[in-house]
J.: 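Take a look at this one; I'll ask things after.
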Amino acid sequence: MNDEEKQDDKELDEALKNAIKEAEEAENSRILYEAKMRFLGRMGIVMNFMKRMKDIPPEKRPSFGKQINALRDKLEAEFAAREERLKKREMQKKIETEKIDVTMPGKRTAKGALHPVTLVKNQLVDIFAGMGFEIFEGPEIETDYYNFTALNTPADHPARDMQDTFYISDNLLLRTQTSAAQIRAMEKKKPPIKMLSPGRVFRSDDDATHSPMFHQMEGLVVDRGITMCDLKGMLDEFARTMFSGNSKTRLRPSYFPFTEPSVEVDVSCSACGGKGCSLCKGTGWIEVLGAGIVNRRVLENCGIDADEYSGFAFGMGVERIAMLKYGINNIKLLTENDTRFLGQFKEEN
Ligand code: DAH
């Protein structure tokens with residue numbers, strides 16, 4: 001063995017020793033992998049030895065090649081063994097630290113609940129669907145025609161002052177009442193009509209019982225021979241299902257441009273059974289909705305023969321019903337999204 005060969009031998013030996021040392025010292029799989037790449041990677045030390053092959057006299061090449069191959073095999077075995085040990089250790093550590101105590105009480109995940117307005121809306125839809133009403137939804141952005149004019153409220157009509165309107169342009173507005181959907185329903189369908197239209201409405205109005213956005217539920221029945229008696233019978237049924245089994249309703253004369261006659265509907269106070277309490281302000285009655293016999297002009301505006309057909313309509317505020325039903329005294333509670341408040345309305349199921 002000449003000096004040069006001895007030098008090569010020494011270097012190979014050294015590489016082996018260093019590699020073994022680095023493998024031993026690697027604390028985790030990542031460090032080990034980096035070390036392995038330094039020795040066995042494409043730019044690694046073993047590769048560098050290979051590259052030297054071309055400078056070695058041809059007759060020496062086989063033995064030098066064998067030495068490098070032997071070194072590579074040893075390193076591979078070394079790193080593989082170390083990797084195995086590290087993996088075992090890491091797994092062991094995991095098993096020791098990630099103990100599962102099956103006696104620990106479970107963590108409860110909070111369960112969501114329907115918003116009280118949604119609850120009431122669903123109940124109303126159930127009640128009226130049970131009486132054969134079909135859902136018919138109209139757009140929230142309406143034209144002046146559907147929201148007012150077709151409902152017998154032309155431009156200079158004083159009843160426009162009953163509702164403070166958000167206008168988008170001269171002709172477009174945010175609907176102030178779901179009554180607008182009545183017109184769309186009557187334009188689309190021929191009598192008999194029995195439709196229910198829930199949805200959002202908007203008014204420039206804001207205090208403890210009014211909010212600029214709220215929900216209404218509109219009902220419309222058009223057929224031959226519809227009278228106030230049909231309205232009253234349906235309202236009684238609604239009050240009994242929505243409030244309590246012995247709820248009663250009473251009608252008081254009122255005015256709406258789209259109904260004639262028009263009525264305000266009161267339900268007997270379910271808190272005191274009609275005796276008089278703070279909720280009903282001592283009267284025993286609570287106002288819940290507006291209704292009436294559809295004004296023949298409205299039927300005519302929709303191309304329905306008012307001599308042949310008649311109808312009744314009603315409209316109620318969903319928030320108002322929710323407030324009455326659950327004893328909520330401020331409408332803002334319904335839009336503040338305080339989960340402590342909303343969590344009280346979980347339905348048992
Ligand atoms: N649209 C009325 C309002 O917002 C409520 C109403 C009253 C609707 C009488 C009706 C009705 O259909 O017949 O105040």
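Computed from a predicted model, the values in this text were never measured in an experiment. All ligand and atom numbering here is 1-based and tracks the order in the structure.
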J.: If you measure only the distance, is there a donor-acceptor pair under 3.5 Å linking the side chains of Ser211 and Glu319?
T.: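 Distance-only check fails for Ser211 and Glu319.
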J.: Who are the ring pair (Phe, Tyr, Trp, His ring centres under 6.0 Å) partners of Phe312, not counting sequence neighbours?
T.: none
J.: Tell me the residues surrounding ligand 1, counting only those with a heavy atom closer than 4.0 angstrom, sorted by chain and number.
T.: Gln163, Gln177, Ser179, Gln182, Arg203, Gln216, Glu218, Phe256, Phe258, Thr259, Gly290, Ala291, Gly292, Ala313, Phe314, Gly315
J.: Let me have the donor-acceptor pairs involving side chains of residues 276-294, under 3.5 Å, with sequence neighbours excluded, atom names and distances please.
T.:
residue : atom : partner : partner atom : Å
Thr283  : OG1  : Cys280  : O            : 2.7
Thr283  : OG1  : Trp285  : N            : 3.1
Thr283  : OG1  : Trp285  : O            : 3.0

J.: Which residues pass the side-chain hydrogen bond (donor to acceptor under 3.5 Å, both in side chains) test with Glu96, sequence neighbours left out?
T.: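 Scan of Glu96 (side-chain hydrogen bond (donor to acceptor under 3.5 Å, both in side chains), adjacent residues dropped) gives Gln92.
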J.: Is it true that Glu24 and Arg85 make a salt bridge, defined as a side-chain N closer than 4.0 Å to a carboxylate O?
T.: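 Yes, charged N to carboxylate O under 4.0 Å.
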J.: How far apart are the C-alpha atoms of Thr143 and Asn171, what are their side-chain angles, what is the distance that settles it, and do they pass the side chain to side chain donor-acceptor pair (under 3.5 Å) test?
T.: CA-CA 6 Å; Thr143 62; Asn171 188 38; 5.2 Å; no
